[in-house]
Q: 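The structure under discussion is supplied below as structure tokens; questions concerning it will follow.
Chain A is the first sequence line, chain B the second, and so forth, proteins listed ahead of strands; every chain is numbered from 1. All values below were derived from every heavy atom in this structure, side-chain atoms included, with hydrogens, water molecules and symmetry-related copies excluded.
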Number of protein chains: 2
Amino acid sequence: MSTILDVCKLANVSKATVSRVINGTGQVKESTREKVFSAMQSLGYRPNRLAQALATNKTHTIGLVVSDFDGIHFGLLLKQAAASAEFSKKQLIVTDGHNDPDYEYEVIMQLEAQCDAVVLYSRTLTDDHIQRLHQQLTIPIVVINRDLPEQLFHSVSFQQEDAIKLMMSHLLDNGHRQIACITGHMMNPTGIARLNGYKHSLAQLGVNFDEKLVKHGVYDMKSGYQACKEFIQEGIQFTAVIAFNDCMALGALRALTEAGIQVPEQVSIIGIDNDPVSEFFTPRLTTVKLPIADMTKQAVELAITLCDETKATHSYQYKGQLIERESVMPVRSVLSS
Amino acid sequence: MSTILDVCKLANVSKATVSRVINGTGQVKESTREKVFSAMQSLGYRPNRLAQALATNKTHTIGLVVSDFDGIHFGLLLKQAAASAEFSKKQLIVTDGHNDPDYEYEVIMQLEAQCDAVVLYSRTLTDDHIQRLHQQLTIPIVVINRDLPEQLFHSVSFQQEDAIKLMMSHLLDNGHRQIACITGHMMNPTGIARLNGYKHSLAQLGVNFDEKLVKHGVYDMKSGYQACKEFIQEGIQFTAVIAFNDCMALGALRALTEAGIQVPEQVSIIGIDNDPVSEFFTPRLTTVKLPIADMTKQAVELAITLCDETKATHSYQYKGQLIERESVMPVRSVLSS
DNA sequence: TATAAAAAAGTAACCGGTTACATTGAAAAT
DNA sequence: ATTTTCAATGTAACCGGTTACTTTTTTATA
């Protein structure tokens, strides 16, 4: 690997001059520029980014931190982040926090010297962790999908509770009253907000909240399958299932199908996310779209902006959008009674 | 962000001494060590990785390059790579090549100063590109899932042709002779090897190869769906579908279901990958497992080893493994005839 | 107690770049 | 012809660490 000194020797100029032609800064005579260019060419020279970063205190890199590479939105999120970063000629460093808040905190602090800004999509960190990060970090941080109590952070969030209410309305409008609920993790604000959505929707119609109709999943198909299977085995009555993401809804669908229960004729199912696979199951899953790609784009672009200019705190809020497909229909008992 | 100099001042020692306590190298008096530690503590000091990397020419980072973040194996691959890297306390830089070979080549060359080794999972680069990379790079490179003509590279590959033969045998053993084939991209070795597997299996039983039974997909559900729909609309006769990955197989399943064709009673389907979602469709998809996680683990661990010691070229080969589920059954006409 | 050996700490060069400032040389202005 | 101006380039300090080598201090040995 050749360095700037190799170029200097070959082109017979000083480091400063080479640096000038690399960066297109300052005045350089055309003939010199060419001399340097051809020297770089023949050496296959590429400036060392680490050295550049150290010297300029600019890394042209943005860090993306997720709690876990397993996360359901991870694919779309990463793809969009990569696209937005590349568009602005920024490099992307992606790290996960192994679902361990303290580890995740350390990871982010470590990133400080390696990035100009960080985008955080954390399921694991507590509000307190995020608070501390915000105070300690000298680089801007944009938080996705977390409703922080104060408007102190740059954030791109999603109206969790309203989204669940949207799903519930759709079910309730179709006459469903016994609605089994498969939640996600209950340690973080998202799960709590969503469960509130479920409870409040029920309350609004005067339907009693029934503990037995709620089971906790972990956002993957297996846990959705498992939860639904348990509902069935326990002989619990329900006419619809609401799951806190599409994967679990799809797992539930599988459990119902296995048990010989017709969807949506006997039981309706609704999910949230609008996962690309949802369209390919039979029946096609009705869901609420969580615009993770748009949110990511917004977040990354904001982060990139913040690399160069300090801005007042921005926060963007996104809303869910119902996508009606085939897995919900009016409840039978209502029709037949 | 405090630097080593801040620590020096606070602890009243030189840079060298601080460096020694950071790295645990050389001799440091216990009392001094404590002084320095507490200085670091109270400053919240973290060594600048960029500076360390520049000084030591060791980044403790391995680069993972994929052609496209969309890629079907990407999720599992990344998760496993992250796990293996973290286990060895290495950082991971992940980049994609936007499906553009020249861009991808540049990306990898750029990584040279930022990583100690790179793991490449490329669908896009030509053998020639890889050859050149190998010559130019001063850091080791491990190639996943590519059968390079020569054994010049460190590689972890998969027996593509044999895997397809395994799928075909399963179908042929079940009496299928009219087997529709949904391929992937045909520009790269994987696609070509797999199509050869299809052709050779047919030839071995003296079944004529029929162009009309082959359509090209792009490894996503939509293209599998589309291809299968076309087979149906064109009135082509087939008793089984083989797809070059599970996603496309699942797309095909959807197309058949929509058309009112029973799977597997009327048409059997087989995929390859053992995608986690395959188990949740109805019928559960029969497939050949492509052990991408194992392969990735192998590749990353090899890369990590190569950071510290030069080793002779290693290459590992993995084989497919049939996972029988519910989407294949003996062909009807055979039974009834 | 003097001296050799070992331990502890410091000095300064280096990694590969950038950049403020200084210097040179040639064209423009007087 | 002399001075001014400015384009072109060089010099050297700096970014934040590491490390070979040197110096100082401590401990062991005679």
Side-chain angles (χ1 to χ4, degrees), chain A residues 1-37 39-40 43-61 91 109-116 138-139 308, chain B residues 1-37 39-40 43-61 91 109-116 138-139 308:
Chain A
M1 238 178 34
S2 49
T3 75
I4 202 172
L5 283 178
D6 300 315
V7 179
C8 292
K9 279 175 207 146
L10 194 59
N12 239 301
V13 293
S14 70
K15 291 209 292 180
T17 300
V18 176
S19 179
R20 281 182 199 111
V21 352
I22 292 171
N23 299 298
T25 54
Q27 312 275 30
V28 181
K29 208 203 296 175
E30 189 52 32
S31 63
T32 310
R33 181 190 310 281
E34 278 161 20
K35 222 171 36 179
V36 173
F37 260 133
M40 297 197 307
L43 287 166
Y45 169 77
R46 283 176 188 77
N48 184 322
R49 291 202 174 191
L50 262 44
Q52 287 182 313
L54 191 58
T56 58
N57 200 27
K58 271 262 158 219
T59 60
H60 302 289
T61 297
Q91 199 175 294
M109 289 305 292
Q110 278 292 355
L111 242 38
E112 189 162 16
Q114 297 178 71
C115 306
D116 298 334
T138 55
I139 55 174
D308 303 319
Chain B
M1 236 177 34
S2 48
T3 75
I4 201 172
L5 283 178
D6 300 317
V7 179
C8 291
K9 279 176 207 145
L10 194 59
N12 240 302
V13 293
S14 70
K15 290 210 290 179
T17 299
V18 176
S19 179
R20 281 182 201 112
V21 351
I22 292 171
N23 299 296
T25 56
Q27 312 274 32
V28 182
K29 207 204 296 176
E30 191 49 36
S31 64
T32 312
R33 180 189 312 280
E34 277 162 20
K35 223 170 38 179
V36 173
F37 260 133
M40 297 196 308
L43 286 167
Y45 168 76
R46 284 177 189 75
N48 183 324
R49 291 202 174 193
L50 263 43
Q52 287 182 314
L54 191 59
T56 57
N57 199 28
K58 271 264 157 216
T59 60
H60 302 287
T61 297
Q91 199 174 297
M109 288 305 294
Q110 278 292 353
L111 242 38
E112 189 163 13
Q114 296 178 70
C115 305
D116 298 333
T138 56
I139 55 174
D308 301 321

Q: For B/Thr25 and B/Leu54, take the nucleotide of DNA chain D holding the closest heavy atom to each; which residue's nucleotide lies nearer the 5' end?
A: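 Its nearest nucleotide lies further toward 5', so the answer is B/Leu54.
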Q: Between B/Gln27 and C/dA8, is there a side-chain N or O to OP1/OP2 distance below 4.0 Å?
A: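 So the side chain of B/Gln27 is within the cut-off, an N or O lying under 4.0 Å from OP1 or OP2 of C/dA8.
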Q: Closest to the B/Lys29 side chain: C/dG16, C/dA8, D/dG10?
A: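 Taking heavy atoms from C-beta onward, the closest nucleotide is C/dA8.
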Q: Reckon A/Thr32 has a side-chain N or O less than 4.0 Å from the OP1 or OP2 of D/dT9?
A: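 Yes.
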Q: So B/Val21 and B/Thr32, do their side chains get closer than 4.5 Å, heavy atoms only?
A: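 Not in contact.
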Q: So does B/Arg46 reach the base of D/dG16 with its side chain, donor to acceptor, closer than 3.5 Å?
A: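 Flag unset: no donor-acceptor pair detected.
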Q: Picking from C/dA9, D/dT11, D/dG16, which would you name as closest to the side chain of B/Arg20?
A: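 Output: C/dA9.
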Q: Any heavy-atom pair between the side chains of A/Gln91 and B/Gln114 that's under 4.5 Å?
A: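 Yes - at least one pair of side-chain heavy atoms lies under 4.5 Å apart.
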Q: Tell me whether the OP1 or OP2 atom of D/dT18 has a side-chain N or O from B/Asn23 closer than 4.0 Å.
A: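 True: B/Asn23 side-chain N/O within range (under 4.0 Å) of D/dT18 OP1/OP2.
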Q: Within the 4.5 Å heavy-atom criterion, are A/Asp6 and A/Leu10 side-chain neighbours or not?
A: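 The answer is no; the side chains never approach within 4.5 Å.
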Q: Once you apply a heavy-atom cut-off of 4.0 Å, does A/Asn57 come out as touching a base, just sugar-phosphate, or nothing?
A: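 No contact.
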Q: What is the nucleic acid contact for A/Thr17, judged by heavy atoms within less than 4.0 Å: base, sugar-phosphate only, or nothing?
A: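 Since only primed, P, OP1 and OP2 atoms lie under 4.0 Å of A/Thr17, the category is sugar-phosphate.
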Q: With a 4.0 Å cutoff (strictly under), does any side-chain N or O of A/Ser19 reach OP1 or OP2 of C/dT18?
A: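 For A/Ser19, the contact criterion (side-chain N or O under 4.0 Å from OP1 or OP2 of C/dT18) is met.
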